[in-house]
Amino acid sequence: MRILTWNINSVRLRLPLLKKVMRLCDPDIICLQETKTPDEFFPLGDVEEAGYAYTHIHGMKSYNGVAILSRIPFATQEIHHRVGRQDCRHVSVHFMAPKLKKTVQVHCLYIPAGGDEPDPKINDKFDHKLKFVDEMTRWFRKNHRPDQPLIALGDFNIAPLEHDVWSHKQLLGVVSHTPIEVEKLGRLQDSLGWHDAIRHFVPEEQKCYTWWSYRNQDWKKSNRGRRLDHIWVTKPLASRLKGHKILVEARDWKQPSDHVPVMIDLAI
DNA sequence: ATGGTAGGTACCCTA
C-alpha cells in the first residue's frame with residue numbers, strides 16, 4: 001500500500017498537478033495540506049474520476065485545510081480541533097488493511113508555520129505552533145497506544161535533524177529549526193515511539209529536503225531546502241516499511257507548490 | 001543586513 005503526503009498550496013490552482021501526482025505515483029491514499037478552500041469548492045468530481053472514491057476533506061476560506069483521498073474505504077473519519085481553534089489542521093481516518101487484517105489509522109496534520117520571530121512571548125504564531133505540538137503530544141499519549149498501527153504524516157513545519165536543513169548552523173535561529181521546536185517535536189515523537197519512515201530509508205548524515213522557498217530564484221542551484229514534511233509510523237508498521245520516495249522533480253514543474261510529495265510503501 | 005516569491009482575498013494576510 002502506497003501512502004503519499006503533499007502540501008499542495010491551493011488544491012484548486014494545482015488540480016492539474018494533483019492529477020499528475022496521481023498518475024505518476026499511483027498512491028492508494030493521498031493526504032493534502034494547505035488546500036485553501038471551503039469544502040463546497042473542493043474539486044471532488046475530478047478526484048473521484050481519478051479513482052479516489054473515498055474522501056475526507058476539511059477546509060476553510062483562504063487558509064490551511066487538510067484532506068484525505070483514498071481508493072480504500074474508510075471505516076470512520078474524524079475532524080480534530082486543536083488549541084481551541086477550528087482552523088482545519090488535523091483530520092484522521094480508520095481503514096481496514098487487507099494483509100494486516102487490522103484497522104490502521106492515518107492522521108493528516110498541518111502544524112502551524114509559526115511566523116518569523118522564534119519567541120512565543122512576542123510572536124503569537126510561534127506560541128500557537130508550540131502549543132499545537134504540545135497538545136498533539138498529550139493527545140496521542142492519552143488517546144492512543146504505541147502497539148496500535150498508526151500513521152501520522154503531513155506538513156509538520158519543523159526540520160528536526162542537522163541534515164534536514166541546508167545549514168544547521170545558519171538555521172538554528174530560524175523558525176522550523178530552532179532548538180525549542182526540535183525539542184517539542186522530539187517529545188511528540190516519543191509520545192507513541194513514532195518511527196520516522198523517511199529516515200528509516202535515508203541515513204541521518206545525508207541531506208534530505210521536501211521544501212524549497214519560493215524566494216530563491218534558482219531553488220536547484222542554491223538547494224537551500226528543508227525537510228518539513230514527514231511520515232511517521234508506530235512500531236507495528238515499522239517492520240512493514242518497504243520503500244519511500246520524495247518526488248523532488250515536482251519542484252521543477254510549472255506553477256509548483258513549494259513542497260514536494262513524499263510517500264512510503266507499506267506491506268499491509 | 002536585507003529582501004526576495006507565491007496564493008487567496010480584497011486592498012493585506014499567511015507562508
Side-chain angles (χ1 to χ4, degrees), chain A residues 5-21 31-43 46 57-67 81-90 108-120 122-133 153-160 164-167 169-178 181-182 185 209-230 247-262:
Chain A
T5 179
W6 189 25
N7 178 322
I8 194 168
N9 188 14
S10 174
V11 68
R12 282 187 282 175
L13 185 74
R14 258 175 276 285
L15 179 60
L17 295 192
L18 176 59
K19 289 180 180 175
K20 192 169 175 175
V21 166
C31 296
L32 300 175
Q33 303 85 36
E34 280 207 272
T35 53
K36 289 186 171 175
T37 181
D39 296 344
E40 59 265 37
F41 301 130
F42 197 101
D46 295 82
I57 61 171
H58 181 49
M60 59 190 275
K61 193 175 170 180
S62 300
Y63 305 112
N64 315 328
V66 282
H81 301 307
R82 296 274 159 240
V83 201
R85 306 183 190 201
Q86 303 198 5
D87 57 356
C88 307
R89 295 178 181 274
H90 182 188
C108 176
L109 293 167
Y110 178 50
I111 294 178
D116 287 331
E117 192 56 58
D119 180 351
I122 59 170
N123 175 6
D124 288 341
K125 290 200 277 268
F126 194 68
D127 186 56
H128 179 221
K129 181 180 199 174
L130 299 182
K131 286 194 167 95
F132 190 105
V133 176
L153 47 67
D155 178 3
F156 292 5
N157 269 312
I158 299 172
D164 290 342
V165 293
W166 62 276
S167 169
K169 213 172 157 183
Q170 283 176 259
L171 288 174
L172 271 172
V174 174
V175 171
S176 73
H177 194 60
T178 64
E181 292 168 85
V182 171
L185 191 72
Y209 313 136
T210 65
W211 172 89
W212 292 261
S213 172
Y214 283 128
R215 295 175 188 176
N216 277 75
Q217 54 177 26
D218 190 338
W219 71 277
K220 214 190 263 177
K221 193 180 168 195
S222 56
N223 197 24
R224 295 184 167 190
R226 302 178 204 170
R227 189 170 73 106
L228 303 179
D229 304 274
H230 299 273
L247 198 70
V248 175
E249 67 191 76
R251 188 63 181 79
D252 242 357
W253 292 348
K254 198 182 162 195
Q255 262 201 320
S257 169
D258 44 356
H259 297 252
V260 296
V262 177

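These values consider heavy atoms only, across backbone and side chains, with no hydrogens, waters or symmetry-generated copies. A, B, ... follow the sequence lines: proteins, then strands. Residue 1 opens every chain.
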Could you give the distance separating [M] and [N] at their [atom1] atoms, to the nearest angstrom?
N     : M      : atom1 : answer
B:dG7 : B:dC11 : C1'   : 15 Å
B:dA6 : B:dA10 : P     : 22 Å
B:dT2 : B:dG8  : C1'   : 26 Å
B:dT9 : B:dG4  : P     : 25 Å
B:dA1 : B:dC13 : C1'   : 25 Å

Check the distance between [N]'s [atom2] and [X]'s [atom1] and give it to me in whole angstrom.
X        : N     : atom1 : atom2 : answer
A:Phe42  : B:dG8 : CZ    : P     : 13 Å
A:Asn216 : B:dG4 : CG    : C1'   : 8 Å
A:Gln170 : B:dT2 : CD    : P     : 16 Å

Given A:Leu228, A:Asp164, A:Ile158, A:Val165, the one that forms side chain to side chain contact (heavy atoms under 4.5 Å, CB included) with A:His177: A:Val165
The single option from A:Asn7, A:Val21, A:Ile8 passing side chain to side chain contact (heavy atoms under 4.5 Å, CB included) against A:Leu32: A:Ile8
Whether A:Trp219 and A:Trp212 hold their rings parallel, tilted or perpendicular, with breakpoints at 30° and 60°: perpendicular
Sugar-phosphate, base or nothing in reach of A:Arg14, heavy atoms under 4.0 Å: sugar-phosphate
Side-chain heavy atoms of A:Trp6 within contact of A:Val262, under 4.5 Å: no
Dot-bracket line, read 5' to 3' along DNA chain B, where crossing pairs take [ ] and | marks a partner on another strand, Watson-Crick or G-U under 3.5 Å: ....((((...))))
Euclidean distance, A:Lys125 NZ relative to A:His128 NE2, rounded to 0.5 Å: 11.5 Å
Contact state string [nucleotides 9-15 of chain B, B base, S sugar-phosphate only, - no protein heavy atom under 4.0 Å]: SS--BSB
ring-ring contact (aromatic ring centres under 6.0 Å, His included) partner of A:His230, chosen from A:Trp211, A:Phe156, A:Tyr110: A:Phe156
Candidate list A:Asn9, A:Thr5, A:Asn64, A:Asn157, test side chain to side chain donor-acceptor pair (under 3.5 Å), partner A:Gln33, passing option: A:Thr5
